[in-house]
Amino acid sequence: MAAVSAPAIEAGPGLLRQLLRRRTVMIGLVVLCAVALLALLAPWISPFSPSRLSIANRLKPPGPVYWFGTDEFGRDGFTRTLYAGRLSLLVGVSVVAFACVVGVTLGLVAGFFRRLDTPIARVIDAMMAFPDILLAIALVAALGPSLATVIVALGIVYAPRLARVVRASTLVIRELPYVEAARALGVPTWRILTRHVLRNLVSPILVQGTFIFAYAMLAEAGLSFLGVGVSPEVPTWGTMIAAGRQYVGQADWMTLFPGIAIVLSVLSLQLVGDGLRDLLDPRLRKDL
Amino acid sequence: MSAAPAEPILRVENLKTWFELGSRVARSVDDVSFDVRRGETVAVVGESGSGKSVTSLSIMRLLSPPGRIVGGRILYRTQEGTEIDLATLPEHKMRGIRGREIAMIFQEPMTSLNPLFTVGDQIVEMIRLHEKMSRREARERARRMLELVEIPAAARRLDDYPHQMSGGMRQRAMIALALACDPRVLIADEPTTALDVTIQAQVLDLLRRLQAELGMSVVFVTHNLGVVAELAHRVVVMYAGRVVESAPVNELFERQRHPYTKGLLACIPTPRHGRTDPSGERPRLTPIPGSVPNVAALPPGCAFAPRCPLAIAKCEIDPPLEFAAPGHLSRCWRHDEV
């Protein structure tokens, strides 16, 4: 009955209001929006061009002109952190979108059609058993490093997480009387899947999507740091930290600020994700 | 009771639906035949496990594996007068039959409607799936359907979610949904079992009225013989996957030709059971001893024999389903002595 007696948990304006009532979620959302805004408005906010070199101003510590200091080529840290944020957010959003399309489709098909369940579920299990970052490195190595391949690789890495959640819920929903009733009234299978099953899965997908967003940003930074992601000239938080690694002794601001940016955005996303999960799970909702 | 015997609209012939579980085969429906005429209500009666629900799911072709129709025919007479065999109809054609020609309602009114959509949305979806109609027209039809099933303030109720309705109201909404495309046959699988007794009576009244008004045929699956007496024209009694008796309703209640049916009727409390006899004794309800056999391991011969008070040696041979009286079939060697 739990899944059935939960019409109050559909996504909608009511959900947002309930979400905002929680302090941690509120903080998370504010930070997230601030990061996103800063990144999106980078060309208008930042005082310099992200690629402007200035040998005279190499490795300057943070100060009134260079708020976040400069790097080994004299490029402005603040500007580059903002621009890097755009890419990190882009990677996050794209990975979530890619993982959703692949993962939700696989999960729905595996959960709904018994015959395809075993093969798909095995593949999902196999992929989940592989360490995330290793799989991503292997995929990027196979596809050749570029922003697009990083997105595709991370999408493939995180799709099984979504597929697993979607499959599990679909298995439950498939057996619910209203799905049988819909079939008995001649509703075609694809319509049952998209309308009756998928609509019920909005909440778990939303929650997983938020977490995948955070993981993807983190993983992209990791890949870039390891040098298998985007090329080092492109500013992402990962490449910036990788570049700053050599200068940690003399210019710790080079790693500090992109690091803070990663922590803030991932943490805020996790807070929002946690809030969503608690809110959408009726068992956890009571004691909150 | 219909005056002239109308032509059969649905003929189930020697239907066999088996569940193959490894090496064991559960013959849930074994050689079942019955007719449903136009405008007629046929009750399919039996205990849990008698195969009555599997029969209705077979007609709708809604069996899930390992259940499978292994034999027999389900002949449906279309509006054009041709008969098609639903047992072998391709799935995409079957989809046009479900809801449009034959609709089905289920036992659980609480969960048979999708909690995420309003009742109106669900009826509109159903109508627009089967008929070319604008959203506005479909909504108007949905409103009329809710009025037809006697939901008060129908226009307002269209925008209700299922959880805003009571159980009885939901079952009415479900009936409205099932009848929205004017099907010619309605299969009702224990539609009142989950409801309060008073609500049950209302829903049964409603079904009877709709059946008469719309002239549709109804297959009413139930374990409740009391309901049968009020609603059905004809009764098919099932036991262990087979038809054991079939007769017009009055005839069946007057004179049973199978000891199982007699046993079922003896289990129904009547006002007599509440009173004390002149002899000072209270009449007791008589249960049928034992329970329904497992259809995966049936004894040879008559499946009811182990529980039957009239069992004789001959019952080790399977009795055929024979006419015990005109229009009255029985599967018992001793149908004259019941």
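The sequence lines fix the lettering, A, B, ..., with proteins before strands; numbering per chain opens at 1.
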Quiz item: Considering only heavy atoms from C-beta outward, does the side chain of B:Ile74 approach that of B:Ile69 to under 4.5 Å?
Solution: yes
Under 3.5 Å, is there a donor on one side chain and an acceptor on the other for B:Asp189 and B:Ser53?
yes
B:Glu140 with B:Arg135: basic N within carboxylate O range, under 4.0 Å: no
For A:Met26, look at atom CE and say whether over 12 heavy atoms of other residues, nucleotides or ligands are found less than 6.0 Å away. no
Inset, instruction - Evaluate the side-chain proximity of B:Leu21 to B:Pro66: yes if any heavy-atom separation is below 4.5 Å, no if none is. - result: yes
* Stepwise salt bridge (charged side-chain N to carboxylate O under 4.0 Å, His left out) test for B:Arg156 and B:Glu147 -> CA-CA 11 Å; B:Arg156 199 151 41 84; B:Glu147 273 170 7; over 6 Å; no
Scored by heavy-atom pairs under 4.5 Å with chain A, the best of B:Ser112, B:Cys181, B:Gly99, B:Ala178 is B:Ser112
Turns out that what part of A:Arg195 lies under 4.5 Å from chain B's heavy atoms comes down to both
If one checks every heavy atom of B:Asp121 against chain A at 4.5 Å, the contacting part turns out to be both
Whatever's closer than 4.5 Å to a heavy atom in chain A on B:Met60 counts as side chain
Assert top hit (heavy-atom pairs under 4.5 Å, partner chain A, pool B:Glu125, B:Gln107, B:Gln122, B:Glu91) equals B:Glu125
When the 4.5 angstrom heavy-atom criterion is applied to B:His92 and chain A, the contacting part is neither
Cut-off 4.5 Å, heavy atoms of chain A, and the answer for B:Arg95 is both
When the 4.5 angstrom heavy-atom criterion is applied to B:Met174 and chain A, the contacting part is side chain
The interface call for B:Ile97 against chain A, heavy-atom contacts under 4.5 Å, is neither
Return yes if a side-chain donor-acceptor contact under 3.5 Å exists between B:Tyr76 and B:Glu83, otherwise no.
no
